[in-house]
Every structure is written in structure tokens, then in C-alpha cells.
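Only one structure is covered here, and it is reproduced in the block below.
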Amino acid sequence: MNTVNSIIVSTRLRLARNIDGLPFPHKLAEMPSRQVADTVEKSLSYIDKFERFDIGNISKSDGAVLQEKHLISPDLLEECPFGSVLISADENVSVMVNEEDHIREQVILSGLALDQAYDRVCRIDDALGKNIKFAFDNRFGYLTSCATNLGTGMRASVMMFLPALTLQNMMDGCITDVGRLNMTVRGVYGEGSKADGYLYQISNQRTLGVKEIDIIDSVKGAINHIVDAELRARQLLKRDESELKDGIYRAWGIANNAYKLSTAEAMQFLAMIRLGGYYGYIDIGDEKEFQDLVTSCQPANMQRLGGNEMSVDERDAFRARYIAAALDKFCKKNDLIKE
């Protein structure tokens, strides 16, 4: 397995924008909120095909699916009755409307793809800017609802799989190190969330007084530092190889044979299997396919795949069958490893 692919899961670029002359979304009434969404939808139609979802018109379960896929934020789903989202056909682009800001443009790509994501989000921003006058100040840059987003309005983040740093109790030191680089470390679903499955999001803290390219370069530097730290921790983890193999193969056995699996159990066992892929104990056919499996195992996605009327027990049993079938399709235990 490629070393970088075994650590870096995905890249996200997000731009926060507001419309000049309009109150921020929390002060905006329903009619002008709908007009904002209409304007954004029309502007995007010139560059790609987007599907629009108005938060007030979708079910709670459908909204949860979008959140689990990182296409919308928890705030948009729970606190923005006049919010909307426009999602590209490949689901790599989502544009949230009337969340904390009028517009939040987001691009998510697999692996380490900061430059590619930046290019794509710039095309989205340019298309919107042709029809919308963004709120901008010569001193403070793009004006945003939260002062921490002033300036470029850009957040560049990378989702990383960091099991060794976590298991070796070295994450706190790593967080301190990247904090000195003006980076922040959050859980898999952003601020306030847990790092389930040893998944962490690393992103820039500073947006004011810096250029977009400087932010990207800073994130790249922090990511390189963390990758090196994780690789060193994986070497330490292998010192007790018997214990390491046992943990990975137990996870493999349970994931392939359990009758029921909770979300937390699935995340833990899949994380150990993914780690086994790095060491060569398990062959993982495709990292993106594996990450899609991780996303599919979340509660709302399971409900959609197995039927929205499932009880928790039924969902956990379905999840176990689903995981076993998926692993059989694109993963296999390497039985040639010498003991």
C-alpha cells in the first residue's frame, strides 16, 4: 500500500462568502433567504449540474446522510430552517447556502489534493462572483459572520488516518506541534466531534492577513510533519509485532463473522483492518472504496441502504452483513505472512 495513501484520506477546500448589502443569514427572513439560494443555483448552472436540497423540505434521515458524507454541516441541518445545499453529480462539490454565511463553497477530493481542490473551488467562486457581489473590505478582506474566517475566508483541511500516534499516546504532542504552525486538529466530523476510527481533520486556523497560496503551503508543511510522526509511531508499534498482528487479525475475524456490529465497533475494526493494509497483513484493493465503506457504515447511511424502518438491532445486524460482503469483495487476509 502506498505510504501516503495509508495516512491521508481526503482533502477539503472551503470558502466562506457573503452577499454585499444583505444581513447575515441568522438575521435574514425566509423570502430573501430563498432568493439567495435561487441566485446561487442559477450561477452554478452555467458550470456544472447541481442538485438542490432545501433543508426545510428534506427528511431528517436524508439530511443525516448528507452530513455523514460531509456534504453539509451539522449546523445547516439543525439550525438553519431556510438553508439549502447544491451538490454536484460526483458529490465532490457542495455549496451550502444560508448556513453561518450566505455561501460556503466546498470541494472534497480523495487523497492529498490541495492544489487540485483549490483550482476547482476557485472555478466555483469565479462563477458565483460573476452574478453576486461579495461583501469585501480592503482592510479585512472577505467579510464573514465569524471573525475567525475574515480575510481569505478559506479553510484548507486534510483528513488523516493516525492510528499509531493515537495508540502510542502521542497525539497530544502532535497537536501541540501543529498548533505552533497555526493549525488545528479536530475529529472526523469537525469541531467538537470525536476521532472515530483514528480519523482526524487538520486545517488552518488563520485566514486574515495571509494569501490563499500561503495557507495551502502551511497546511502542506503541517501534513508532512504529521505523516513523518505517524510513520515513526508505526515503527514503534511494530516492535511488538505479535501483539500488533493479533489485534489486526482479531478485527478481521470479528468484522467478517460478527452477527451484529454497532457503529463504534465497525469504526474500530475497520480502522485496524486499514492499519493491517499498511503492514501488508491484509490486502486492500482500493483505499477510496475502503473509505466509502467507512462512510456507508454510519447510522443514516445504513438506514438508507437497509430500509428506513429498521430498529437499532436490525441495523447493527445489517451492518455486519454489509461489512462482511464488502470485505469479501475488495480485501483479503494475507496468509503468506511468516510468523
Side-chain angles (χ1 to χ4, degrees), residues 1-2 5-10 61-71 91 108 110-111 159-164 166-167 187-189 193-201 234 237 243-337:
M1 178 184 292
N2 181 284
N5 288 345
S6 74
I7 297 174
I8 298 176
V9 177
S10 62
S61 61
D62 286 344
V65 168
L66 296 178
Q67 181 187 329
E68 289 175 357
K69 291 182 175 181
H70 300 276
L71 295 172
E91 296 191 343
I108 300 179
S110 296
M159 185 181 293
M160 305 186 74
F161 175 57
L162 304 174
T166 307
L167 293 170
V188 63
Y189 287 106
S193 65
K194 297 179 180 179
D196 293 331
Y198 309 126
L199 292 170
Y200 298 83
Q201 289 191 58
R234 290 186 185 188
L237 202 59
E243 192 69 20
L244 176 63
K245 284 183 180 179
D246 185 63
I248 291 169
Y249 286 151
R250 282 177 182 269
W252 174 263
I254 295 172
N256 276 282
N257 295 284
Y259 177 74
K260 292 195 305 182
L261 286 173
S262 67
T263 305
E265 289 172 329
M267 292 291 282
Q268 178 64 27
F269 297 142
L270 290 176
M272 292 303 293
I273 291 170
R274 177 181 256 159
L275 183 60
Y278 167 76
Y279 290 110
Y281 305 154
I282 293 169
D283 290 332
I284 297 177
D286 185 277
E287 268 294 311
K288 184 182 184 303
E289 199 167 10
F290 193 91
Q291 181 57 33
D292 289 343
L293 172 60
V294 172
T295 301
S296 296
C297 287
Q298 304 307 307
N301 276 273
M302 279 287 97
Q303 288 287 156
R304 169 175 283 184
L305 289 167
N308 288 327
E309 301 303 319
M310 290 189 298
S311 66
V312 173
D313 279 349
E314 289 170 336
R315 186 178 67 203
D316 289 351
F318 176 76
R319 181 183 289 110
R321 297 193 301 273
Y322 185 86
I323 289 175
L327 293 177
D328 182 64
K329 180 181 177 183
F330 60 83
C331 295
K332 67 176 181 178
K333 178 182 173 185
N334 190 345
D335 294 320
L336 301 179
I337 296 295

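Using a 3.5 Å distance cut-off with no hydrogens or angles, the side chains of Asn301 and Glu68 do pair a donor with an acceptor. Side chains of Arg319 and Thr263: a donor on one and an acceptor on the other come within 3.5 Å.
With rounding to the nearest 0.5 angstrom, the NZ atom of Lys288 is 13.0 Å from the CG atom of Asn5. Between Ile254 atom CD1 and Gln268 atom CD the span is 10.0 Å, to the nearest 0.5 Å. The OG atom of Ser61 lies 10.0 Å from the CG atom of Leu66; values are rounded to the nearest 0.5 Å. Put simply, CG on Asp283 and NZ on Lys332 are 5.5 Å apart, with the number rounded to the nearest 0.5 Å. Rounding to the nearest 0.5 angstrom, the gap separating the NZ atom in Lys329 from the CG atom in Asp286 is 10.0 Å.
Ionic pairing of Asp62 and Arg304 is present here: one or more N-O contacts between side-chain nitrogen and carboxylate oxygen are shorter than 4.0 angstrom. With salt bridges taken as basic N to acidic carboxylate O contacts below 4.0 Å, none links Glu265 and Lys260.
Under the 30°/60° scheme for interplanar angles, the aromatic rings of Tyr281 and Tyr279 are found to lie parallel. Between Phe330 and Phe290, the two ring planes are perpendicular [angle over 60°; tilted spans 30° to 60°].
For the pair Met310 and Gln303, the tightest heavy-atom approach, listed with the atom from each and the gap, is O-OE1, 3.4 Å. Of all heavy-atom pairs spanning Ile284 and Arg274, the tightest one is CD1-CA, 3.7 Å. The two atoms that bring Met272 and Ala251 nearest to each other are CB-CB, 3.6 Å, heavy atoms only. Here the closest heavy-atom approach between residue Ala266 and residue Ile323 is recorded as CB-CD1, 3.7 Å. Listed here is the closest heavy atom pair of Phe269 and Ala255: CB-CB, 4.4 Å. Closest of all the heavy-atom pairs between Ile248 and Leu275 is CD1-C, 4.3 Å.
Two residues are said to be in side-chain contact when any heavy atoms from C-beta on lie closer than 4.5 Å; Leu305 and Phe318 meet this criterion. Residues Arg315 and Pro299 are in side-chain contact: their nearest non-hydrogen atoms beyond the backbone lie under 4.5 Å apart. In this structure, the side chains of Leu167 and Tyr198 come closer than 4.5 Å at one or more pairs of heavy atoms. Considering only heavy atoms from C-beta on, Leu327 comes within 4.5 Å of Asn256 through its side chain. Side-chain contact between Glu314 and Glu309 is absent, with no heavy atoms from C-beta onward closer than 4.5 Å.
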**Request:** Before giving the answer on side chain to side chain contact (heavy atoms under 4.5 Å, CB included), spell out for Ile282 and Asn334 the whole-Å C-alpha distance, their side-chain angles and the decisive distance to 0.1 Å.
**Result:** CA-CA 5 Å; Ile282 293 169; Asn334 190 345; over 6 Å; no
**Leu71/Gln67 under side chain to side chain contact (heavy atoms under 4.5 Å, CB included): CA gap, chis, key distance, verdict** = CA-CA 6 Å; Leu71 295 172; Gln67 181 187 329; over 6 Å; no
**Residue pair Ile8, Phe161: steps toward the side chain to side chain contact (heavy atoms under 4.5 Å, CB included) verdict** = CA-CA 6 Å; Ile8 298 176; Phe161 175 57; over 6 Å; no
**Evaluation steps, side chain to side chain contact (heavy atoms under 4.5 Å, CB included), between Glu287 and Val9** = CA-CA 8 Å; Glu287 268 294 311; Val9 177; 5.7 Å; no
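Here the side chain of Gln298 pairs a donor or acceptor atom with the backbone of Val294 at under 3.5 angstrom.
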